[in-house]
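The structure appears right after this line, and notes come after that.
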Amino acid sequence: MVVVVAMPPALSLLVLLVLALHGGAGDATPPPPLRLVRGARRVAFDEGYTRMFGDGNLAVLRDGRRVRLTLDESTGAGFASQDVFLHGFFSAAVKLPAYYSAGVVVAFYLSNGDTYEKTHDEVDFEFLGNVRGREWRVQTNVYGNGSTAAGREERYDLPFDPTDELHHYSILWTRRRIIFYVDETPIREVVRTAAMGAAFPAKPMSVYATIWDGSAWATLGGRYRVNYRYAPFVAEFADLVLHGCAVDPLAVEHSASCGDEEEEAAEAVVSSAAMAAFRRGHMSYSYCHDRRRYPVALSECALTGGAASLGRLFGPDGMKRRRARRARDASS
């Protein structure tokens with residue numbers, strides 16, 4: 001038997017406020033995209049990660065299932081994987097700081113910069129804050145062997161408010177390709193080409209999550225800096241997934257089988273129409289269309305899904321043309 005108890009309007013409002021303050025409906029999380037790769041599972045913080053910096057601004061909650069990173073005037077914060085991986089699937093659900101967030105950078109990425117200072121590899125999700133009333137931007141990037149002079153940045157507007165609730169951001173890194181996902185939608189694929197050579201990340205990397213002050217460049221090229229009157233800026237991480245081939249970072253050779261399982265998963269999703277639709281509707285900048293930086297497009301651009309058909313939507317600076325943005329906004 002179900003008993004329904006009517007509450008006075010004032011009490012109902014109080015209950016709703018309490019739920020909101022304690023992470024009620026607004027705290028909901030979409031299911032983690034574990035089905036993208038067989039055997040992937042969530043790990044608790046102490047099981048797979050370690051504190052990196054800003055210890056006072058890093059809080060581990062819910063038995064290690066959620067991590068809160070804070071940026072204030074004293075410092076940011078970050079954590080790193082305990083293991084180093086050669087290929088794998090890595091994922092986190094992230095909720096970004098709300099309101100005014102210009103100059104704030106939240107990142108979820110792979111890197112080996114601590115081991116290879118001048119020849120490091122990196123695969124990034126960077127979340128770039130904005131002034132109030134403007135949405136966060138997401139930037140992806142890929143570096144190999146210290147090739148920072150040849151940036152491979154892409155930026156996107158998200159089809160949801162990333163400050164409302166947690167959403168999943170995932171990286172699949174194999175010997176032949178790298179795929180970025182938002183929730184379960186693939187948004188970018190970087191296919192390894194012979195011409196890329198060492199510019200394709202191929203050395204073992206750790207997994208990182210950070211929040212920091214990127215005033216010099218993050219919002220409109222540094223025009224808007226972090227305003228600490230709005231601090232603290234809080235980012236939440238949950239559903240941490242580390243599913244890869246853990247290796248000794250200093251070993252000369254690694255098993256040729258590292259990444260075979262992830263390779264199979266990659267083959268299953270690269271033809272997804274969802275990726276083409278996301279890129280057409282939400283990509284705001286691509287280095288493949290930036291003729292001012294690259295008069296001749298880099299080799300992998302020819303293999304980027306839909307690159308040719310998307311070309312007319314972008315100007316010579318690689319930015320999506322305003323007319324194309326207006327058409328997207330009108331149809332949404």
Side-chain angles (χ1 to χ4, degrees), residues 17-24 26-29 44-46 48-82 90-111 113-114 122 124-141 155 158 160-169 206-240:
L17 287 172
V18 170
L19 286 172
L21 288 172
H22 288 80
D27 204 34
T29 312
F45 181 82
D46 291 338
Y49 284 95
T50 185
R51 298 166 187 262
M52 186 169 62
F53 72 98
D55 193 59
N57 283 5
L58 189 158
V60 179
L61 310 169
R62 301 188 184 183
D63 296 324
R65 299 297 174 179
R66 184 165 296 195
V67 185
R68 183 171 294 161
L69 300 183
T70 299
L71 170 67
D72 56 27
E73 288 183 276
S74 64
T75 185
F79 58 90
S81 61
Q82 297 173 17
F90 312 99
S91 182
V94 185
K95 181 180 178 183
L96 299 173
Y99 308 114
Y100 187 98
S101 57
V104 177
V105 178
V106 177
F108 177 66
Y109 63 104
L110 314 178
S111 178
D114 56 342
E122 197 165 309
D124 297 331
F125 264 115
E126 291 178 313
F127 306 91
L128 311 180
N130 220 325
V131 297
R132 182 175 294 179
R134 294 189 179 182
E135 57 200 6
W136 280 77
R137 295 286 174 85
V138 178
Q139 177 169 285
T140 62
N141 207 345
R155 289 192 290 274
L158 291 170
F160 50 79
D161 184 345
T163 70
D164 275 349
E165 60 185 16
L166 292 152
H167 284 271
H168 293 91
Y169 305 90
S206 299
V207 184
Y208 297 89
T210 58
I211 185 170
W212 51 283
D213 185 329
S215 291
W217 65 277
T219 307
L220 294 181
R223 179 179 175 185
Y224 295 100
R225 305 179 65 82
V226 174
N227 187 335
Y228 285 101
R229 290 185 300 171
Y230 297 96
F233 303 98
V234 179
E236 294 193 19
F237 288 77
D239 284 346
L240 303 172

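- Annotation: side chain of Thr210 is in contact with side chain of Tyr109 (closest heavy-atom distance under 4.5 Å).
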Should Val60 and Tyr49 be marked as a side chain to side chain contact (heavy atoms under 4.5 Å, CB included) after you check the CA-CA gap, both sets of side-chain angles, and the distance that decides it?
CA-CA 11 Å; Val60 179; Tyr49 284 95; over 6 Å; no

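- Separating the OG atom in Ser215 from the OH atom in Tyr224 is a distance of 13.5 Å, to the nearest 0.5 Å.
- With Asp46 contributing its side chain and Gly64 its backbone, the two residues share no donor-acceptor pair below 3.5 Å.
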With side chain to side chain contact (heavy atoms under 4.5 Å, CB included) as the criterion, how do Asp213 and Tyr228 come out once you've worked through the C-alpha distance, each side chain's angles and the decisive distance to 0.1 Å?
CA-CA 10 Å; Asp213 185 329; Tyr228 285 101; 2.7 Å; yes

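- Distance check: Leu69 CG to Arg51 CZ gives 10.0 Å after rounding to the nearest 0.5 Å.
- Between Arg134 and Thr219, every side-chain heavy-atom pair lies at or beyond the 4.5 Å cut-off.
- Considering every non-hydrogen atom in both Asp164 and Lys95, the closest pair reads O-CE, 3.6 Å.
- Of all heavy-atom pairs spanning Phe233 and Asn227, the tightest one is CZ-O, 3.4 Å.
- Remark: Leu166 CG to Arg66 CZ distance equals 5.0 Å, nearest 0.5 Å.
- Of all the heavy atoms in Ala44 and Arg65, the pair that sits closest is N-NH1, 3.3 Å.
- How far CZ of Phe45 is from OG1 of Thr50: 6.0 Å, rounded to the nearest 0.5 Å.
- The two residues Leu58 and Gly78 have their closest heavy-atom pair at CD1-O, 3.4 Å.
- Note: Trp212 and Trp217 have tilted aromatic rings, judged against thresholds of 30 and 60 degrees for the angle between ring planes.
- The aromatic rings of Phe237 and Phe79 stand perpendicular to each other, their planes meeting at an angle above 60°, with 30° marking the opposite boundary.
- You'll find the side chain of Thr163 stays beyond 4.5 Å of the side chain of Tyr99, heavy atoms only.
- A 4.5 Å side-chain heavy-atom check between Glu135 and Leu158 finds every atom pair outside the cut-off.
- Ser101 places a side-chain N or O within donor-acceptor distance of the main-chain N or O of Asn130, the cut-off being under 3.5 Å.
- Looking at heavy atoms from C-beta onward, Leu61 lies out of side-chain contact with Glu236 at the 4.5 angstrom threshold.
- Interatomic distance, CD1 of Ile211 versus CZ of Arg68, reported as 12.0 Å (0.5 Å rounding).
- Summarising the local packing, CZ of Arg223 is surrounded by 12 or fewer heavy atoms from other residues, nucleotides or ligands at distances under 6.0 Å.
- Residue Phe53 comes nearest to Gly76 through the heavy atom pair CE1-C, 3.5 Å, listed as atom of the first residue, atom of the second, then distance.
- At distances below 3.5 Å, not a single donor-acceptor pair connects side-chain atoms of Ser111 with backbone N or O atoms of Glu122.
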Quick one, Tyr169 with Phe125, criterion ring-ring contact (aromatic ring centres under 6.0 Å, His included). Give me CA distance, side-chain angles, the key distance, then yes/no.
CA-CA 8 Å; Tyr169 305 90; Phe125 264 115; 5.7 Å; yes

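- Counting heavy atoms from C-beta outward, Pro162 and Phe127 have side chains that stay 4.5 Å or more apart.
- Between Trp136 and Val104, the shortest heavy-atom distance links the atoms CZ3-O, 3.9 Å.
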